[in-house]
> 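I'd like to ask some things about the structure below.
Lettering follows sequence order; numbering is per chain, from 1.
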Protein chains: 2
Amino acid sequence: MSRQPQYTIKDIAQALGVSASTVSRALSDHPHISDETKIRVRELVQKHDYRHNALASSLRNSKSNTIGLILPRLSQYFPSTVATAIQNKLHGYGYNLMICQSNDSPEMERELVNALYASRVAGLIVSTTLYTNDFSAFDIFAKSNIPLVFYDRVPQNYPAHVVLGDDYAGGYAATLHLLQQGCRRIALLSGPLTCRIYQDRYNGYLAALKEYAVPFDQSLVYSHELTKENALKSSEAILSGTALPDAVFACNDTAAIAVVKTAKQHQLRIPEDLLVAGYSNDPRAEIITPSITSVEQFPYEMGEKATMLMMDLLQNKITQQGRYISLNTPVKLIARESSRRAGVGAVAESGEDMDSSAQ
Amino acid sequence: MSRQPQYTIKDIAQALGVSASTVSRALSDHPHISDETKIRVRELVQKHDYRHNALASSLRNSKSNTIGLILPRLSQYFPSTVATAIQNKLHGYGYNLMICQSNDSPEMERELVNALYASRVAGLIVSTTLYTNDFSAFDIFAKSNIPLVFYDRVPQNYPAHVVLGDDYAGGYAATLHLLQQGCRRIALLSGPLTCRIYQDRYNGYLAALKEYAVPFDQSLVYSHELTKENALKSSEAILSGTALPDAVFACNDTAAIAVVKTAKQHQLRIPEDLLVAGYSNDPRAEIITPSITSVEQFPYEMGEKATMLMMDLLQNKITQQGRYISLNTPVKLIARESSRRAGVGAVAESGEDMDSSAQ
DNA sequence: ACACTATATGCAATCGTTTGCAGGAGTCTT
DNA sequence: AAGACTCCTGCAAACGATTGCATATAGTGT
């Protein structure tokens, strides 16, 4: 439809009695073009509302100024904040961002990868689905020498640049904190262990237990996608048994909230009967009663870091010869009502400082 | 950088001893191409991992298959849900979505409009910033005959297709509900009245008051951007005076949460001393204690509706000759603890049905 | 007057895909 | 056997911007 005739560089050239090359160069402020010509060109651009055609330009240069972003979903605090950071930062470099959601479906993800390649994005930033185990769709980016950066949910056994939160430190800090409050039966509500971030948090959990010489109890570990529904089901299982845990460490805040809700239904008081900690420091963790202890991931910083890495790769500051960068962003435990036991330890009021960079 | 030589249609043509036209037509399953040729082409496409170049294609057809979306920010329930709906729906039609955040800055918004035009999106969907009053940046879309759809925050005095929630009905329903609970001094925490959605909610509020013959009291109305900080300040002002209101209707849930928080600090019990209602039915409204009554806007449906309108425009099903479409999506009041007064009226447990379509 | 340089511009090809038109080969009709 | 028709395929010109190379003009130095 439409096929509106466009006002192009050629039209300007014709009107001015110069060639298209001259106009093109005038617009890009080429030094070989006289000031007078530049001014005349700019005037006409103004007058006729000439618009640059990025398609033509990208085609000719085989290079666009759009970066692709694929993530599972952005309707939550962490992912949407990362996306915002990336877009804002990229904008400063003159790049546009094309945000696409995979809805946690590997098929959708694959389609998006192909679609973004088809529009020849200059680079691609990805947080994979929970279930992506075939990363071959991304091969084309390496093959075409187009920068590819993963963050948060990064591939395993697939060579790539990655930006990660310090999930091990986060899992360790949260568990340690619960142990310090006197808990010894700490249930773990983990995401799928096929995913590296959950593995790391799990390992942090194990390490903290070991440090306190608390024997590991497999029956306290639940692992599945941390949706509200799943988490409610597991919480029910955890809290309706006979041998109740004295704390639950949930690997995201949606799950932690589910635990709190379930605990209320079971007449369990938090933190008197049960301590709870979550992950991501979702704004919801703060407003709920009781407020929930959580691990801050600094998503904005994470997005900025991923963007910086992307820019470095685009500007070839980093050799791409088989060397893959792995960046870490710190985490910080924010202790709140859900884990504060009166008289136990000294927990800062506004959040206990457990910056993982100190590790 | 890179300038990797690409594997193109010409390469396939050469390898097969046919012309590029034939390959192009084979790939688009043109009826004039023999099955044998099509098969041979597809085999080679597979073998060499040929990738369609959407840039070249779009340039040639002066038409891309990307739709632009500009919104103030997506780090909240309502906007991110709308965006998700739009992307999912568009995907079904073979279109990609380019999501861009204006951060509520008119300058940024303008830049994004231009950038999206530069990449010749096939259509543009917009929820404007709170402060956009100059819509001339959008002129180019009308002039180029590129479909433009606004939703939620739509322009005033600018001819365009719009998709709106029934904000009048929402404001009316929430206020009426508070009145039915016996409240007579209902404070209003409104967004800027330069924005149509807030005007409409305000008018709904006024209409309900009038119906109950409650005199309008200007001193109960606060109007400003509904950020957490602003809302806390206004809540403080509202609740620290001597003539307290008996209810607050906040025009988003962030503000409603601020009211609840401030009320707690003032030792006011909700709903015994103060009733509270919000807007948007953010998930936070449900998990907070007390849970907050709110107006559900059905953002997913709204996104789908905006997408359908866009598709109709793209397919020219709708004449664009100066006739502008305006679609409404219904709203529904969800009554919760924050507004349930024991023994007053009959309020459904899981949400009072006040579907605005019944209006 | 000549060679040389600096400055400003134009020519034409290129990026990869699409499509109107033309045309060749084969089949069918009368 | 000539015309008409069908079925495939190719030619070449777009789409709009960019850029290496060639060139024209003016200015400088000897």
> Looking only at side-chain atoms of N53(A), point me to the closest of dT9(D), dA17(D), dT17(C).
dA17(D)

> Quick check: does any side chain N or O of K38(B) sit under 3.5 Å from a backbone N or O of H30(B), one acting as donor and the other as acceptor?
yes

> For the side chain of S34(B), starting at C-beta, report the closest nucleotide among dT9(C), dC8(D), dG16(C).
dC8(D)

> Any side-chain N or O of T37(B) below 4.0 angstrom from OP1/OP2 of dT9(D)?
yes

> Looking only at the side chain of H32(B) (C-beta and beyond, no hydrogens), which of the listed nucleotides dG10(C), dG16(C), dT9(D) gets closest?
dT9(D)

> Over 60° means perpendicular and under 30° means parallel, so tell me whether H161(A) and Y324(A) are parallel, tilted or perpendicular.
tilted

> Under the 3.5 Å rule, do the base of dG10(D) and the side chain of R25(B) count as making a donor-acceptor pair?
yes

> Answer yes or no on whether R51(B) is positioned over the face of Y117(A), meaning its NZ or CZ is under 6.0 Å from the six-membered ring centre and within 45° of the axis.
yes

> Can you identify which nucleotide, out of dT19(C), dT17(C), dT19(D), has its nearest atom closest to the R60(A) side chain?
dT19(D)

> Looking for any heavy atom pair under 4.0 Å, which part of the strands does S24(B) touch: base, sugar-phosphate only, or nothing?
base

> In whole angstroms, how far is the P atom of dT7(C) from the CG atom of D35(A)?
12 Å

> Can you figure out which of dT19(C), dG10(D), dA17(D) approaches the side chain of N61(B) most closely?
dT19(C)

> Whole-Å distance between dT17(C) C1' and I12(B) CD1?
12 Å

> Examine the base of dC11(C) for any acceptor or donor lying under 3.5 Å from a partner atom in the side chain of S21(A), and report the outcome as yes or no.
yes

> Among dA17(D), dG10(C), dG10(D), find the nucleotide with the atom closest to the side chain of Y50(A).
dA17(D)

> With the side chain of L59(B) defined as its heavy atoms from C-beta on, choose the nearest nucleotide among dA13(C), dC11(D), dC15(D).
dC15(D)

> Any side-chain N or O of S19(A) under 4.0 Å from OP1/OP2 of dG10(C)?
yes

